[in-house]
Amino acid sequence: MAHWLVKSEPEAYSWQQMQKDKKTGWSGVRNYQAANNMKAMKIGDTCFFYHSNEGKEIVGIVSVSKLYHPDPSDEDGKFGMVEMSAGKSFKTPVTLAEIKVHAKLKDMAFVKQSRLSVSPVTADEWKIICGLGGVK
DNA sequence: GCCAACGTTGGC
DNA sequence: GCCAACGTTGGC
């Protein structure tokens, strides 16, 4: 099973909203690299849910509940979307500042490419961050 | 609010 | 197909 990190601005779509919705279509991605990452997702893959701009912290876990399929909101038909289901909330959000000073986490893809909205997470990084966040 | 990083667009 | 100009993202 693979792991990922997805970003969302709380103003656009917050973790609170995600939990309320239970599941949501992850549409609106208009970046090829991010779209390629979504294409590689399998049902049951888990993703960290990161709040960008406001908060700048990982607040919970979601899982892939529908594979990559065309995004109806993309008129050109170039980009697709997946569906995410809400999972556990972090007991303690893991902040970007924390990640940046952690020897094992500071080279994470989403730190290095701050503009990429969907990025891969290694098994090690997954374990460490779950530990910091207080979830298993 | 500013600015760096980076992806995209369009002229040649 | 290259590259300059421009727009967007996101951290600070």
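Order of the sequence lines sets the chain letters (A, B, ...), proteins ahead of strands, with each chain counted from 1.
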Discussion item. Classify A:Tyr50 by what it touches in the nucleic acid, base, sugar-phosphate, or nothing, heavy-atom distance under 4.0 Å.
Written reply: sugar-phosphate

Worksheet item: Starting at CD of A:Glu9 and ending at P of C:dG11, how long is that distance when rounded to a whole Å?
Response: 9 Å

Worksheet entry | Donor-acceptor pair between A:Ser73 and A:Arg30 side chains, under 3.5 angstrom | yes

Worksheet item: Could you state the CD-C1' distance from A:Glu11 to C:dG10, rounded to the nearest angstrom?
Response: 13 Å

Item to complete: Specify the separation, in whole Å, of atom CG of A:Leu116 and atom P of C:dG11.
Response: 12 Å

Practice prompt. Using a heavy-atom cut-off of under 4.0 Å over every strand shown, decide if A:Leu96 touches base, sugar-phosphate, or nothing.
Written response: sugar-phosphate

Worksheet item: Which nucleotide, C:dC12, C:dG10, B:dG7, lies nearest any side-chain atom of A:Lys100?
Response: C:dC12

Worksheet item: Under 4.0 Å between a side-chain N/O of A:Lys7 and OP1 or OP2 of C:dG10, yes or no?
Response: yes

Worksheet item: Hey, mind stepping through A:Gln113 and A:Ser119 against side chain to side chain donor-acceptor pair (under 3.5 Å) and telling me if it holds?
Response: CA-CA 9 Å; A:Gln113 284 175 270; A:Ser119 59; over 6 Å; no

Worksheet entry | Candidates A:Ser63, A:Ser65, A:Ser27 - the one meeting side-chain hydrogen bond (donor to acceptor under 3.5 Å, both in side chains) with A:Glu83 | A:Ser65

Worksheet, complete the sentence: Rounded to whole Å, CG of A:Asn31 lies from C1' of C:dG10 at a distance of 14 Å

Fill in: A:Asn53 CG - B:dG1 P separation (whole Å)
13 Å

Worksheet item: Between atom CD1 in A:Ile58 and atom P in C:dG11, what is the gap in whole Å?
Response: 11 Å

Worksheet item: Does a donor on one side chain and an acceptor on the other come within less than 3.5 Å for A:Ser14 and A:Gln17?
Response: no

Worksheet item: What is the distance from CD of A:Gln113 to P of C:dG10, rounded to the nearest Å?
Response: 12 Å

Worksheet, complete the sentence: From CD of A:Glu57 across to C1' of C:dG11 the rounded distance in Å is 14 Å

